[in-house]
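Some notes on the structure that comes next.
Note that the structure is a prediction, hence the values are computed from the model and not measured. Throughout, protein chains are lettered first and strands after them, A, B, ... in sequence-line order, and every chain is numbered starting at 1.
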Amino acid sequence: MPLTIYNTLSRTKEPFQTLTPNQVKMYCCGVTVYDYCHLGHARSYIVWDSVRRYLQWRGYTVEYVQNFTDIDDKILKRADLEHSSMTAVAEKYTAAYFEDLHRLNVRDADSYPLATGHIQEIQDLVTDLEHKGFAYAVDGDVYFRVRKFAEYGKLSQRHLDDLQAGAGDRVEAADPDQIKKEYPFDFALWKAAKPGEPSWESPWGNGRPGWHIECSAMIQKQLGETIDIHCGGGDLVFPHHENEIAQSECAHDRPLSTYWMHNGMVKLSGEKMSKSLGNFITIRKLLDDYRDGNDHQIDPMTVRLFVLTAQYRKPMDFSDASITAAGQSWQTIKDGLLFGYEFGERLGWADLAPIRSGAISTTTEEVDRFRTAVDDDFNFAEGLVVVFELAKELRKVGNIITHDSEQTVDPNLLRDKWQTLIELAGVLGLEVNPDELKVETTGLSDEAIESLLTERQIARANKDFATSDRIRAQLTEEKIVVIDKAGVPSTWYRS
RNA sequence: GGCAGCAUGGCCAAGUGGUAAGGCAGAGGUCUGCAAAACCUCCAUCCCCAGUUCAAAUCUGGGUGCUGCCUCCA
């Protein structure tokens with residue numbers, strides 16, 4: 001079974017075929033840098049990062065490009081608010097983007113083009129469209145002539161007639177630019193400069209690019225006239241992606257992208273999380289300040305897991321309960337991932353370094369199941385089943401070793417399973433730092449602990465359980481786990 | 001109002017015609033002074049109605065509810 005991808009264009013899953021064998025050109029719509037990223041952004045970029053990782057794992061060479069929109073009304077507004085400049089605001093939030101997304105283990109794109117870095121390409125494209133009759137200039141603005149493109153609406157499956165009917169009163173709203181247009185749904189390719197705003201010289205006078213045109217220009221420059229996958233949030237289908245198609249396909253007379261992929265929205269209390277609604281949780285707030293149902297901080301990997309348990313196209317709800325559950329699930333996977341680092345030596349493994357793909361001998365069954373699952377339109381949730389199975393198996397053995405020191409599974413098999421787990425989780429960007437095993441030193445020395453345990457042992461012998469329980473509680477407070485065993489002295493370890 | 005999509009146990013969620021994966025949480029048991037671990041057992045007929053079929057959560061039709069887009073938006 002080949003890899004299949006749900007294509008928004010056809011609204012069906014299609015077998016994945018690249019333009020050039022084994023090579024994928026992928027473009028993802030990035031953020032407008034005027035504020036911190038929230039969970040919705042996190043979902044989007046975690047999903048596309050995982051798609052990219054998976055394609056690479058499947059043997060494709062992926063060229064992944066993601067833009068930053070660094071010229072826009074909202075940035076200007078923000079600059080005003082922060083008594084700053086457009087450039088400074090854009091740079092500040094671009095830096096914040098990288099900080100936040102790196103924490104979530106989202107890998108960098110191969111390039112991050114900026115709108116302001118492609119003014120010439122944008123103007124060339126607009127000029128081209130103008131020559132071909134798809135664009136017209138009015139008072140320094142340039143608009144795209146939507147009715148000239150017969151396929152307009154093919155991505156979002158809506159027709160201009162419907163739009164017109166649906167828009168109703170809104171279109172007649174007092175937008176001064178509206179009256180300049182030949183047709184209400186024509187959209188701006190280039191906007192005449194307003195006083196005090198950044199602008200560039202152009203054939204139509206001083207001005208700046210419209211929003212949609214930058215992506216068309218940057219894709220052409222960075223990846224070519226036709227790419228394999230264009231992805232982004234589902235809220236971009238209309239009008240943004242629809243307009244990109246119109247611009248690029250009218251200019252080049254060939255498809256902009258073979259596949260269009262869109263991720264579902266993150267909801268909060270049943271409503272889309274968005275800046276305009278004000279109901280968003282930023283990534284940094286979630287990671288730094290939020291406490292889950294168990295009063296724990298949110299591990300960045302928990303966020304990743306949370307996102308990947310949902311089918312990427314479906315809307316998903318963020319709630320205290322769901323992020324708490326994800327945190328507990330992550331603990332299971334984490335235990336599995338740490339297994340080798342913690343017990344490998346005791347099991348006599350020659351080498352603790354994880355072996356990468358190709359070297360796995362006895363566990364191909366798991367790898368096959370994982371691949372079959374994820375090949376179906378990136379069904380990560382289904383793939384996670386295999387990850388959980390492996391993790392739980394290893395955790396179990398780890399617990400047996402910790403508690404009884406008598407485990408009977410073949411160490412080499414365990415090693416293979418562990419490496420399979422590391423590989424498959426890694427495909428999803430779920431990784432653990434072996435340093436996490438280094439316990440923070442508690443206030444108690446080993447000697448102090450032993451002494452308390454002796455005291456407790458005496459109390460237990462005297463059936464003074466109140467005292468023994470108090471000592472257990474005290475040790476638990478210091479993150480010491482005590483295990484009682486029949487006939488032999490109790491053991492302990494730092495959790 | 002128009003367009004698109006979704007509806008599975010307490011929560012998340014898989015399943016795309018053959019008799020309900022997995023995770024989290026929970027219950028009972030063995031063991032245990034307590035705790036931990038291990039092991040065993042239990043926990044849904046898939047929004048409603050009608051239809052197609054030997055067989056439907058899965059297909060068709062009609063309802064109901066929810067969401068997104070139609071304005072900046074991942």
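- Within 4.0 Å of Phe465(A), counting heavy atoms only, lies at least one base atom of the nucleic acid.
- If you check every strand for non-hydrogen atoms under 4.0 Å, Ser276(A) touches a base.
- Below the 3.5 angstrom threshold, one finds no donor paired with an acceptor across the side chain of Arg11(A) and the base of G5(B).
- Among the atoms of the strands shown, only primed sugar atoms or phosphate atoms (P, OP1, OP2) are found under 4.0 Å from some heavy atom of Leu236(A).
- Glu450(A) contributes atom CD, which lies 6.0 Å from atom CG of Leu453(A) (distance to the nearest 0.5 angstrom).
- Atom CE in Met273(A) sits about 15 Å away from atom C1' in G68(B), given to the nearest Å.
- Separation of the P atoms belonging to A57(B) and U19(B) is 11 Å when rounded to the nearest angstrom.
- Rounding to the nearest 0.5 Å places CZ of Phe343(A) at 10.0 Å from CG of Leu394(A).
- Residue Asn263(A) has no polar side-chain atom (N or O) positioned under 4.0 Å from OP1 or OP2 of A74(B).
- Comparing the C1' positions of A20(B) and G15(B) gives an interatomic distance of 8 Å, to the nearest angstrom.
- Note on Asp72(A) versus Arg78(A): no salt bridge recorded, every NZ/NE/NH1/NH2 to OD/OE distance being 4.0 Å or above.
- Here G5(B) presents its P atom at 18 Å from CH2 of Trp260(A), a figure rounded to the nearest Å.
- Here the OG1 atom belonging to Thr324(A) is positioned 7.0 Å from the CD atom belonging to Gln328(A), to the nearest 0.5 angstrom.
- Atom CG in Asn67(A) sits about 11 Å away from atom C1' in A74(B), given to the nearest Å.
- You'll find that the side chain of Asp469(A) is closest to C34(B), out of C34(B), A74(B), A21(B).
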Stepwise salt bridge (Lys or Arg N to Asp or Glu O under 4.0 Å) check, Lys194(A) with Asp73(A): CA-CA 11 Å; Lys194(A) 287 179 186 152; Asp73(A) 285 336; 5.3 Å; no

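- Between the CZ atom of Phe238(A) and the P atom of U71(B) there is a distance of 7 Å, rounded to whole Å.
- The nucleotide U67(B) finds its pairing partner in A4(B), both defining distances of the Watson-Crick or G-U wobble pair being shorter than 3.5 Å.
- Considering only side-chain N and O atoms, Gln157(A) lies under 4.0 angstrom from the phosphate OP1 or OP2 of A4(B).
- Along RNA chain B, the nucleotide nearest to Val481(A) and the one nearest to Pro239(A) differ in position, and the one closer to the 5' end is contacted by Val481(A).
- Ring pair Tyr341(A)/Trp418(A): centre-to-centre distance below 6.0 Å.
- Distance CD (Glu271(A)) to P (A74(B)): 17 Å, rounded to an integer number of Å.
- Comparing the P positions of C47(B) and A13(B) gives a spacing of 14 Å, expressed to the nearest Å.
- Put simply, the side chain of Arg456(A) and the base of G33(B) share a donor and an acceptor less than 3.5 Å apart.
- Ionic pairing of Asp368(A) and Arg371(A) is present here: one or more N-O contacts between side-chain nitrogen and carboxylate oxygen are shorter than 4.0 angstrom.
- Of the P atoms belonging to A74(B) and C6(B), the separation is 24 Å, rounded to the nearest Å.
- Heavy atoms of His38(A) sit under 4.0 angstrom from at least one base atom.
- With both pairing distances under 3.5 Å, U60(B) is matched to A50(B) as a Watson-Crick or G-U wobble pair.
- Each of Gly233(A) and Val237(A) has a nearest nucleotide on RNA chain B; the 5'-most of these lies closest to Val237(A).
- Here the nucleotide nearest the side chain of Arg158(A), chosen from A36(B), C24(B), G2(B), is G2(B).
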What string of B, S and - do you get for nucleotides 10-20 of chain B, 5' to 3', when a contact is any protein heavy atom under 4.0 Å? --SSSSB----

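- For the P atoms, the distance linking G26(B) with A21(B) amounts to 22 Å, nearest Å.
- Gly327(A) comes within 4.0 angstrom of no nucleic acid atom, judged by non-hydrogen atoms across all strands.
- Here Val266(A) lies in heavy-atom contact (under 4.0 Å) with a base.
- Note: His230(A) NE2 to Cys215(A) SG = 5.5 Å, rounded to the nearest 0.5 Å.
- An OP1 or OP2 oxygen of C69(B) is reached within less than 4.0 angstrom by a side-chain nitrogen or oxygen of Lys272(A).
- Donor-acceptor pairing under 3.5 Å, judged by distance alone, is present between the side chain of Arg472(A) and the base of C34(B).
- Among the candidates Tyr34(A), Tyr112(A), Tyr93(A), the single residue satisfying the ring pair (Phe, Tyr, Trp, His ring centres under 6.0 Å) test with Phe68(A) is Tyr112(A).
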When you compare the protein's N or O atoms with those of nucleotides 25-27 of chain B, which come within less than 3.5 Å of each other, and at what distance?
from, atom 1, to, atom 2, distance (Å)
A25(B), OP1, Gln328(A), NE2, 3.1

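- Nucleotide U16(B) forms no Watson-Crick or G-U wobble pair with any nucleotide shown, as no partner meets the under 3.5 Å limit on both distances.
- Proximity of the aromatic rings of Tyr97(A) and Tyr45(A) is defined here by a centroid distance below 6.0 angstrom, and this criterion is met.
- If you check every strand for non-hydrogen atoms under 4.0 Å, Thr332(A) touches sugar and phosphate atoms only.
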Scan nucleotides 39-42 of chain B against the protein and return all N/O pairs shorter than 3.5 Å with their distances rounded to 0.1 Å.
from, atom 1, to, atom 2, distance (Å)
C39(B), OP1, Lys396(A), NZ, 2.0

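- Atom CG in Asp100(A) sits about 14 Å away from atom C1' in A74(B), given to the nearest Å.
- If you check every strand for non-hydrogen atoms under 4.0 Å, Gly40(A) touches a base.
- Counting any heavy atom pair closer than 4.0 Å across all strands shown, Lys463(A) reaches no nucleic acid atom.
- The nucleotide whose nearest atom lies closest to any side-chain atom of His41(A) is, among A74(B), G33(B), U67(B), A74(B).
- No hydrogens or angles were tested; on distance alone, nothing pairs the side chain of Arg43(A) with the base of A74(B) as donor and acceptor under 3.5 Å.
- Residue Val386(A) is classed as having no contact, given no heavy-atom separation below 4.0 Å to the nucleic acid.
- The side chain of His403(A) contributes no N or O atom lying less than 4.0 Å from OP1 or OP2 of A37(B).
- Across every strand in view, U32(B) sits unpaired, with no contact that passes the Watson-Crick or G-U test at under 3.5 angstrom.
- Neither side chain, Asp377(A) nor Thr4(A), offers a donor N or O lying under 3.5 Å from an acceptor on the other.
- Regarding Lys267(A), its NZ atom lies at a distance of 10 Å from the C1' atom of A7(B), rounded to whole Å.
- Across the strands present, U45(B) finds no partner; the criterion is a Watson-Crick or G-U wobble pair with both atom distances under 3.5 angstrom.
- Counting atom types as modelled, Asp161(A) pairs no side-chain N or O with a base atom of G2(B) as donor and acceptor under 3.5 Å.
- Ring centroid separation for the pair Tyr259(A) and Phe16(A) comes in under the 6.0 Å cut-off.
- Using a 4.0 Å heavy-atom criterion, one finds that Thr324(A) contacts no nucleic acid atom at all.
- Remark: P of C34(B) and CD1 of Ile480(A) are 23 Å apart, rounded to the nearest angstrom.
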